[in-house]
Amino acid sequence: MRTHRRTRRATARTGVALLAAVLLAGCGLSSSEPQPSATADGRPADASATPAPSAAPDSPTTPRLPAALTSQRLDWKRCPSGNAPRTEWRCASVDVPLDYAEPAGETLSIALIRKEARDRGRRIGSLLFNFGGPGGSGVATLPRAAGQYETLNSRYDLVSFDPRGVAASSGVRCRSDKEQEQAHRTVDPTPDTAAEERAFIEDAADFGAGCEHRSGKVLPHVGTSNAARDLDLIRQVLGDGKLSYFGFSYGTELGGTYAHLFPHHVGRTVLDAVVDPTADGIGHARNQTRGFQRALENYLKGRGQDPRAGSERIARLLARIDRNPLPTGSGRELTESLAITGIVTPLYSPSSWPELTAALDEAENNGTGDELLRLADSYNGRDARGRYDTQSHSQRAISCADSASRPSLDEARALVPEFRRLSPVFGPFLAWDTAGWCADWPVDGEHETPQTSAPGAGPILVVGTTGDPATPYEGARRMADELGGGVGVLVTNKGEGHGAYGSNGCVTSTIDAYFLDGKVPADGKTCG
């Protein structure tokens, strides 16, 4: 389940609400560290944000941009209705090259949103957020999430954006709502026969063809390396000498890619809920199989159940639903695909575990699937009128533009026994997904794994949670190693859930001190 999402819907990967915070945990280790300068970019704290001159690129793969782009002036206006109802939010757009190989050619418009720092006299600069996905709308998410960042907003302008190919930034669209509904109803994500295998792979190829038909112009250019180049142009237009950045989930991959391309433009940067940069497509699926199974077992233990027996019981429930979907009060059926999604959704945060209990109890004891369907709809971005958002479209387009991995059906089938051993609940689904995700995709992927080494960059905080289901903790260790010595600073949160900031008091205060005062914790600091 391609789920890097930091956000999920509340009877909305999502309106969008950040994961609910759990009880604050204590701090494991304390440390006193050297303090860098008081500002993220080397300017005096009260310096005005004027456009910075275009600097020579860090990476030879990023050509110098024309002054017409780097000297843009942002026209901040009241945001459109529904994005940010409060008057302190302002929206703008910035033009970026459609193709960075032709920087003076056609452009895309990237949507931005900002809330200015409260203490203008001690303002540090802009702090850019990416909340994950890929495909999540930062313009929609940041206003809803901003309450968690009040401390940082004292001295930073809070800024987010819709990455290229997402929502208001030439968002990719691949299917109609009707077509999406039909796929959820008819396609078996764990095919049991040759006919089901053919239908599975044909549906995947049809999805890619729809992307090419509806969004073919942008489809080759929506990858993460181009989004990182957009970040650097946004940095320049905002007037920041260095990029201060807070990335969650997929946003950590974007942050690592930026650090690799522009190490000398890296300011204070935090990566929370970290995607493993060393994993290819199959490796990522294997990591998530372990991560979701680990979270499920922790949930079962929390209910006083044997985790192995509980997992097998849920696997048997899914097998029954595969044969005979459950009825719901809406008249729609709960299929195996929707049931798996409904089980995954509350595993993102322990505060949602009671929802999983209620949903499983209903399915097992009543034989109906209303609660699991509600959870699946919230994750899939389906509203009560049957309309879907396009995050799943953008997510797939960005992932397939990035990853060169294109496993065949035979390769996926061979993975099923191993993945089932790792997780009887999620393993088969994720094994088959390796073939279906980018099947017959119309655009070649850029790489097997992203490059995130960043020699010359300043210290980057890499935060991993030991019970993270979607981006398992091991990925944080590998990201810290890949960034390089003196760059990646690992902070461990001993706890559950996808992301630590706002959920763990020790992690939150550590990150606040880093962003606001430049305090770099000791590498290996543990909280919880």
Side-chain angles (χ1 to χ4, degrees), residues 6-12 14-21 39-41 43 45-51 72-96 109-133 136-163 166-171 230-231 233-240 243-248 251 268 381 383 389-391 501-502 508 511-512 515-516:
R6 167 62 180 164
T7 53
R8 49 173 286 266
R9 302 175 192 281
T11 326
T14 23
V16 180
L18 281 190
L19 296 171
T39 63
D41 57 11
R43 294 182 291 111
D46 59 353
S48 61
T50 56
Q72 294 175 75
R73 297 277 179 169
L74 297 174
D75 184 17
W76 294 103
K77 295 180 178 179
R78 182 79 176 265
C79 295
S81 176
N83 280 348
R86 298 193 298 275
T87 58
E88 61 264 33
W89 292 97
R90 290 291 183 271
C91 289
S93 62
V94 60
D95 291 333
V96 302
S109 180
I110 301 297
L112 303 172
I113 193 165
R114 180 179 74 176
K115 182 183 180 187
E116 290 188 313
R118 297 191 305 275
D119 188 346
R120 304 301 296 171
R122 299 176 66 230
R123 177 182 176 274
I124 293 173
S126 306
L127 178 58
L128 269 78
F129 289 80
N130 182 283
F131 295 98
S137 168
V139 171
T141 301
L142 182 58
R144 294 174 171 88
Q148 292 197 43
Y149 309 111
E150 283 294 310
T151 300
L152 299 175
N153 191 210
S154 63
R155 298 183 62 197
Y156 282 99
D157 296 344
L158 305 183
V159 181
S160 194
F161 62 106
D162 288 354
V166 175
S169 299
S170 300
D230 293 344
L231 265 180
L233 180 53
I234 293 169
R235 170 194 65 79
Q236 294 178 66
V237 173
L238 288 171
D240 292 308
L243 177 73
S244 296
Y245 176 79
F246 204 160
F248 299 92
R268 297 175 190 172
D383 68 17
D389 71 12
T390 59
Q391 179 164 336
Y501 188 87
T508 302
I511 291 173
D512 287 347
F515 272 131
L516 295 173

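None of the values given here were measured: they were computed from a predicted structure.
A salt bridge between Arg120 and Asp157 is present, with a side-chain N of the basic residue lying under 4.0 Å from a carboxylate O of the acidic one. Salt bridge annotation for Glu116-Arg123: absent, with no cationic side-chain nitrogen under 4.0 angstrom from a carboxylate oxygen.
Looking at Thr508, its side chain does come within 3.5 Å of a backbone N or O of Gly502 through a donor-acceptor pair. The main-chain N or O of Val139 is found under 3.5 Å from a side-chain atom of Asp162 such that the two form a donor-acceptor pair. The backbone N or O of Phe515 lies less than 3.5 Å from no partner atom in the side chain of Arg155, so there is not a single donor-acceptor pair. Proximity of a side-chain donor or acceptor of Gln391 to a complementary backbone N or O of Gly133 within less than 3.5 Å is not detected.
Taking each heavy atom of Gly251 and Tyr245 in turn, the nearest pair found is O-OH, 2.6 Å. Scanning both residues, Ala167 and Ser137, for their nearest heavy atoms gives CB-CB, 4.0 Å. Pro143 and Trp89 make their closest contact through CA-CZ2, 3.5 Å (heavy atoms, listed as atom of the first residue, atom of the second, distance). Here the closest heavy-atom approach between residue Leu243 and residue Arg235 is recorded as N-CD, 3.5 Å. Nearest heavy atom pair, residue Ile113 against residue Gly138, reads CG2-O, 4.1 Å.
Distance check, rounded to the nearest 0.5 Å: CG of Asp75 to SG of Cys91 gives 11.5 Å. Rounding to the nearest 0.5 angstrom, the gap separating the CZ atom in Phe246 from the CG atom in Leu158 is 11.0 Å. Taking CZ from Arg90 and CZ from Arg78, the interatomic distance works out to 6.5 Å, rounded to the nearest 0.5 Å. Separation of atoms CG (Asp240) and CD1 (Ile234) is listed at 11.5 Å; rounding is to 0.5 Å. Distance check, rounded to the nearest 0.5 Å: CG of Leu127 to CG of Leu142 gives 9.0 Å.
When Arg118, Arg114, Lys115 are each tested for a side chain to side chain contact (heavy atoms under 4.5 Å, CB included) with Glu88, only one passes: Lys115.
The closest side-chain heavy-atom distance from Leu516 to Ser154 is below 4.5 Å. Leu128 has its side chain within reach of Leu238: a pair of non-hydrogen atoms, C-beta onward, lies under 4.5 Å apart. Annotation: side chain of Ser160 is not in contact with side chain of Thr141 (no heavy-atom distance under 4.5 Å).
Taking the side chain to side chain contact (heavy atoms under 4.5 Å, CB included) definition, one finds that Ser170 meets it with Leu108, Val218, sequence neighbours left out. With sequence neighbours left out, the side chain to side chain contact (heavy atoms under 4.5 Å, CB included) criterion links Asp119 to Arg122.
You'll find the ring centres of Tyr149 and Tyr156 outside the 6.0 Å limit.
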Decide side-chain contact (heavy atoms from CB on, under 4.5 Å) for Leu152 and Tyr501; before the verdict, give the C-alpha distance in whole Å, the side-chain angles of both, and the deciding distance to 0.1 Å.
-> CA-CA 12 Å; Leu152 299 175; Tyr501 188 87; 3.8 Å; yes
Test Val166 against Phe161 for side-chain contact (heavy atoms from CB on, under 4.5 Å), laying out the working first.
-> CA-CA 9 Å; Val166 175; Phe161 62 106; over 6 Å; no
